[in-house]
Asker: 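I have a structure I would like to understand better, so I am pasting it below and will then ask my questions one at a time.
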Amino acid sequence: MPSIGWTELIIVIFLVLLLFGANKLPDLARSMGRSARIFKSEVKEMRNEDEADTPAQQRQIDAAPAQETRSAAQEADFWERPENNPR
């Protein structure tokens, strides 16, 4: 992979100055910094939400087999009732 040398870097900086102008560069850098901060804080919030949701999801997973067992017991009880017996 080729590396960027000083000459290429100077050409890129010159093109950016030519496209945006010297007056717009501080505003452009400021808006990019704000965007990066917002993105970083949103990623951090998403990680915190995932960590907070994990124990709740784990409790639901742990409780799921007990619910299946109860439903199987309820189904067996359903057929034992006289009104539900086939004639």
Side-chain angles (χ1 to χ4, degrees):
M1 180 174 206
S3 62
I4 297 177
W6 288 104
T7 55
E8 290 89 2
L9 189 59
I10 290 172
I11 292 171
V12 169
I13 290 172
F14 176 74
L15 288 175
V16 169
L17 281 172
L18 186 65
L19 288 174
F20 295 106
N23 296 335
K24 297 287 182 176
L25 283 181
D27 293 335
L28 180 67
R30 191 176 303 116
S31 66
M32 288 178 60
R34 285 181 187 154
S35 299
R37 271 186 267 136
I38 291 170
F39 180 75
K40 185 178 177 181
S41 67
E42 291 296 326
V43 168
K44 188 176 180 180
E45 281 184 38
M46 288 175 62
R47 285 183 183 160
N48 290 340
E49 287 176 2
D50 286 345
E51 290 173 0
D53 288 345
T54 302
Q57 290 173 350
Q58 188 62 35
R59 279 186 255 128
Q60 289 175 350
I61 291 171
D62 292 342
Q67 291 173 350
E68 291 174 0
T69 308
R70 276 190 243 127
S71 65
Q74 288 173 350
E75 186 176 326
D77 185 43
F78 175 80
W79 291 111
E80 292 175 1
R81 295 185 208 150
E83 65 269 10
N84 297 328
N85 284 331
R87 295 181 190 223

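Just so you know, these numbers come straight off a predicted model, no measurement behind them.
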Asker: According to side-chain hydrogen bond (donor to acceptor under 3.5 Å, both in side chains), does anything in residues 20-33 pair up with another residue at least two apart or in another chain? List the pairs.
Answerer: D27-R30

Asker: Are there more than 12 heavy atoms of other residues, nucleotides or ligands under 6.0 Å from atom CD1 of I4?
Answerer: no

Asker: What about V16 and L19, same hydrophobic cluster or not, with Ile/Leu/Val/Met/Phe/Trp/Tyr joined at side-chain heavy-atom distances under 4.5 Å?
Answerer: yes

Asker: Consider only side-chain heavy atoms of I, L, V, M, F, W and Y, link residues closer than 4.5 Å, and tell whether I10 and L15 are in one cluster.
Answerer: no

Asker: Report yes or no: do L25 and I13 belong to one cluster of Ile/Leu/Val/Met/Phe/Trp/Tyr joined by side chain heavy-atom distances under 4.5 Å?
Answerer: yes

Asker: If Ile, Leu, Val, Met, Phe, Trp and Tyr residues are connected whenever their side-chain heavy atoms lie under 4.5 Å apart, and connections chain through other members, are F20 and L9 in the same group?
Answerer: yes

Asker: M32, V43: one ILVMFWY side-chain cluster at the under-4.5 Å cut-off?
Answerer: no

Asker: What distance separates R34 CZ from I38 CD1, expressed to the nearest 0.5 Å?
Answerer: 8.5 Å

Asker: Can you pull the side-chain hydrogen bond (donor to acceptor under 3.5 Å, both in side chains) pairs that have at least one residue in residues 5-17, sequence neighbours excluded?
Answerer: none

